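Remember, it's a predicted structure, so these values are computed and weren't measured experimentally. No hydrogens, no waters, no symmetry mates; every other heavy atom, side chains included, goes into these values.
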Amino acid sequence: MGRLIPVNKELPQPSLQFRSAFGRWIARGEALEESAEHTVTHPWYKVIWLTGVDYFSTLGYQPGIALLAAGAVAPLATAILVLVTLLGALPVYAQVAQRSFAGQGSIAMLENLLLGWKSKLLVLTLLGFAATDFVITMTLSAADAAKHAVENPFLHPYLGDHLILITLGLLTALTLVFLKGFKEAIGVASAASVPYLLLNVAVLARGAYEIYLHPALLADWRAALSLKGDMTMVMAGALLVFPKLALGLSGFETGVSVMPLIDGGPADQGYNPRSGKPPSGRVGNTKRLLVTAALIMSVMLVASSVVTTLLIPESAYRIGGKASGRAIAFLAHEYMGSFFGSIYDASTILILSLAGASAMAGLLHLIPRYLPRFGMAPEWMTLSRPLVLVLFGINVVVTLVFRADVEAQSGAYATGVLVLILSAACAAALDLWKEGRRPLSVYTGVVALVFAYTLVDNCIERPDGLIIGSIFTVALMLVSALSRSMRSFEFRVTKSYFSNSESARLASELVSKKVHLVPIRSDTAAARTRKQAEIVKHYKVKGPFLFVHIHLADNRSEFSAPLEFRIEREGDNFVANAYGATALANTIAYISELIDPISIFIGLTRANLMQQASRYLFFGEGETGLMVYTILLSYWEWTPEDDVRPLIFLMSD
């Protein structure tokens with residue numbers, strides 16, 4: 001087949017119309033795009049701080065949660081978490097980076113492994129849990145920042161114990177920043193992350209020195225462990241507890257999502273994105289970023305767990321205690337004074353706020369990547385401001401439900417994180433198996449089983465995470481289904497082409513009231529002859545006729561797709577075949593607007609209307625005649641009537 005020739009006629013598309021002042025303000029928001037072709041890149045050691053505001057900020061609450069969950073066993077459980085990070089999550093996301101170098105993440109990998117509606121449903125489910133992860137990141141980070149502010153001795157007289165109000169205030173401030181138009185700045189991320197890590201190192205070093213001065217602390221810890229049984233029993237207990245610490249695995253999905261910002265260096269000079277091959281420089285630097293972040297976090301997690309376990313009494317880290325949700329900050333105030341502790345609090349509040357900003361930016365990047373392409377997003381979701389306001393409303397509800405309690409939200413956070421990592425492990429294992437790399441595929445499959453165990457255990461221990469994730473997923477599916485049904489009246493054609501120059505030439509003879517348009521199911525000369533005789537007999541019209549036979553795409557779950565036309569002359573009439581359509585009625589309506597026929601003759605069936613509606617929504621078939629009429633009426637409502645509309649004849653089959 002020769003080179004395709006683009007159809008040069010562009011049909012006007014509907015646009016969002018806002019009449020109120022608020023609506024016009026909404027419309028002035030930043031348009032969300034699926035990709036940015038002119039992204040400015042940076043060295044990986046600068047981009048790492050974008051991952052860091054999400055990953056490293058967990059030090060603000062992870063040690064306290066570990067203490068509450070495991071007590072004296074917390075250091076051992078944290079060591080297991082570090083092993084799972086380095087031997088499990090890190091190798092998995094190295095494979096994800098190799099296959100999603102445009103920042104698509106693990107969700108896109110699984111989408112490509114399945115076809116049709118199975119793929120769409122899986123993506124919607126994963127998006128629901130990803131939304132859980134990102135939303136809880138915002139609410140939990142804001143709640144922990146509020147906790148640090150409330151417990152600060154200088155701020156407490158002014159803030160009191162209004163934890164919920166302060167949390168809502170921080171979320172409101174985050175929303176206002178994004179409504180103004182937030183652009184993630186690597187400079188801001190590094191300015192927050194580097195001092196925060198250095199302050200943590202200082203506090204932990206001071207704590208280690210305190211342990212050195214008081215050897216009895218180690219003896220007391222060993223005694224506490226001995227009360228739990230021999231070492232085998234202690235390690236078994238650590239294995240059982242470690243899933244509760246799984247939120248310390250956050251940050252890997254962010255690490256691959258920022259890949260487009262990473263400069264590949266000389267290795268990527270002359271790289272062609274259309275080649276489909278991964279840019280080796282960017283992939284290699286992303287792996288360096290992931291390894292460096294994981295090593296930094298592993299050292300910090302183990303050190304913080306040991307120091308906080310040995311130095312913080314149980315009464316302080318219990319819910320409501322001074323160290324609850326702020327274990328390292330407690331040590332900063334206790335051993336380094338209120339002035340240094342306040343500096344630590346300020347740094348923690350800043351990085352936790354940026355973690356919320358990173359999560360908000362992640363959702364604004366993730367949702368438009370999938371839902372509009374599926375036809376499952378309302379028109380306003382292409383704008384940042386209404387989507388930001390919706391997310392703010394969700395944040396408020398989640399904060400009120402959990403009463404800004406860090407520990408209460410940790411289960412939902414861990415569930416979202418684990419679902420994403422499990423999906424990444426499964427996708428990597430399946431891809432490696434298809435590539436014939438069986439040993440690595442088996443290893444990744446074992447890692448997937450570890451994360452599956454962790455996820456199941458977390459859901460059993462803290463089912464609220466699964467409940468919240470399921471609520472997000474069901475709500476997302478309902479909104480997506482409603483949106484797809486409402487948008488089903490669009491033409492659903494991204495671009496159209498002619499198969500050859502002869503088709504393009506014949507098309508010029510069809511436009512502007514030259515032919516009668518007759519969609520026909522059977523692409524045979526005998527069927528066309530019978531249909532023409534029937535139309536001439538009953539409607540007393542003369543040709544020429546354009547008989548159109550539409551070939552539906554194999555994957556009808558796609559919302560829109562390009563069309564290819566092949567047009568031939570048959571006596572005084574014309575025959576057109578359209579290939580790659582996602583829906584019969586929409587394609588007929590699109591062709592009608594392209595050629596502006598004298599009239600359209602469409603057959604009606606006598607099948608059950610509910611069944612036909614389902615077939616139309618899911619498979620693009622159904623009651624074609626009525627749907628063509630409805631789609632054209634919907635299109636004509638907002639387009640200027642600068643010509644005579646075609647007559648539409650609905651014929652009984």
Side-chain angles (χ1 to χ4, degrees), residues 13-16 26-27 29-36 100 102-135 137-138 178 253-254 256-257 260 359-395 416 419-420 423 427 468-494 553 555-561 582-583 586 617-618 620:
Q13 298 297 321
S15 58
L16 288 171
I26 285 287
E30 179 184 359
L32 299 172
E33 299 177 353
E34 289 189 31
S35 62
S100 64
Q104 310 98 310
S106 58
I107 297 178
M109 292 174 61
L110 285 174
E111 180 191 8
N112 295 331
L113 290 173
L114 298 175
L115 296 175
W117 284 107
K118 293 179 181 179
S119 172
K120 302 295 185 294
L121 291 174
L122 177 61
V123 168
L124 288 176
T125 301
L126 293 176
L127 281 177
F129 282 95
T132 305
D133 178 9
F134 286 121
V135 167
T137 296
M138 287 185 275
F178 274 88
E253 196 71 25
T254 308
V256 293
S257 70
M360 177 75 83
L363 278 175
L364 294 178
H365 168 79
L366 188 65
I367 292 175
R369 180 181 291 276
Y370 293 99
L371 297 187
R373 179 161 54 89
F374 294 172
M376 294 177 177
E379 292 180 83
W380 53 260
M381 199 172 281
T382 60
L383 301 175
S384 64
R385 285 179 176 173
L387 185 53
V388 167
L389 289 174
V390 169
L391 293 174
F392 173 67
I394 295 172
N395 287 338
V419 168
L420 290 180
S423 69
I468 294 294
S470 300
I471 290 173
F472 271 88
T473 301
V474 171
L476 184 66
M477 287 186 175
L478 291 176
V479 171
S480 298
L482 178 62
S483 173
R484 177 131 178 171
S485 64
M486 293 174 64
R487 292 188 58 190
S488 64
F489 302 132
E490 298 175 13
F491 287 143
R492 299 173 61 178
V493 177
T494 56
N555 183 9
R556 252 76 61 73
S557 70
E558 292 294 330
F559 183 71
S560 58
T582 56
N586 304 68
L617 288 174
F618 290 102

Which atom of M477 lies closest to which atom of L121, heavy atoms considered: CE-O, 3.8 Å
N-O pairing of E558 and K120 below 4.0 Å: yes
CG-OG distance between L371 and S483, expressed to the nearest 0.5 angstrom: 8.0 Å
Side-chain donor or acceptor of T137 paired with backbone N/O of D133 under 3.5 Å: yes
Worked check of side chain to side chain contact (heavy atoms under 4.5 Å, CB included) between V135 and F472: CA-CA 10 Å; V135 167; F472 271 88; 3.9 Å; yes
Minimum-distance pair of heavy atoms, taken over all atoms of A131 and L363: CA-CD2, 3.9 Å
S480 OG to L127 CG distance, which is reported to the nearest 0.5 Å: 8.0 Å
Heavy-atom closest pair, residues G116 and N555: CA-OD1, 3.1 Å
Within-4.5 Å side-chain heavy-atom neighbours: F618 and W117: yes
Contact check, side chains of L391 and F134, non-hydrogen atoms, under 4.5 Å: no
Partner set under salt bridge (Lys or Arg N to Asp or Glu O under 4.0 Å) for R556, not counting sequence neighbours: E621
Validation row: L617, S485 side chains within 4.5 angstrom (heavy atoms): yes
Inter-residue atom distance Y370.OH - L126.CG, 0.5 Å rounding: 9.0 Å
Rounded distance [0.5 Å steps], OG in S557 versus NZ in K118: 11.5 Å
Pairwise side-chain contact, L476 with M376, heavy-atom cut-off 4.5 Å (strictly under): no
Non-hydrogen atoms of G469 and T132 that approach each other most closely: CA-OG1, 3.2 Å
Interatomic spacing from CZ in R487 to CG in N586 - rounded to 0.5 Å: 11.5 Å
Worked check of side chain to side chain contact (heavy atoms under 4.5 Å, CB included) between F559 and R492: CA-CA 6 Å; F559 183 71; R492 299 173 61 178; 3.7 Å; yes
Separation between CE of M360 and CZ of F392, rounded to the nearest 0.5 Å: 9.0 Å
Closest approach of T473 to G128 (non-hydrogen atoms, all atoms of both residues): OG1-CA, 3.5 Å
Side-chain heavy-atom pair E111, I107 within 4.5 angstrom cut-off: no
Flag side-chain contact, heavy atom, 4.5 Å: T582 against V493: no
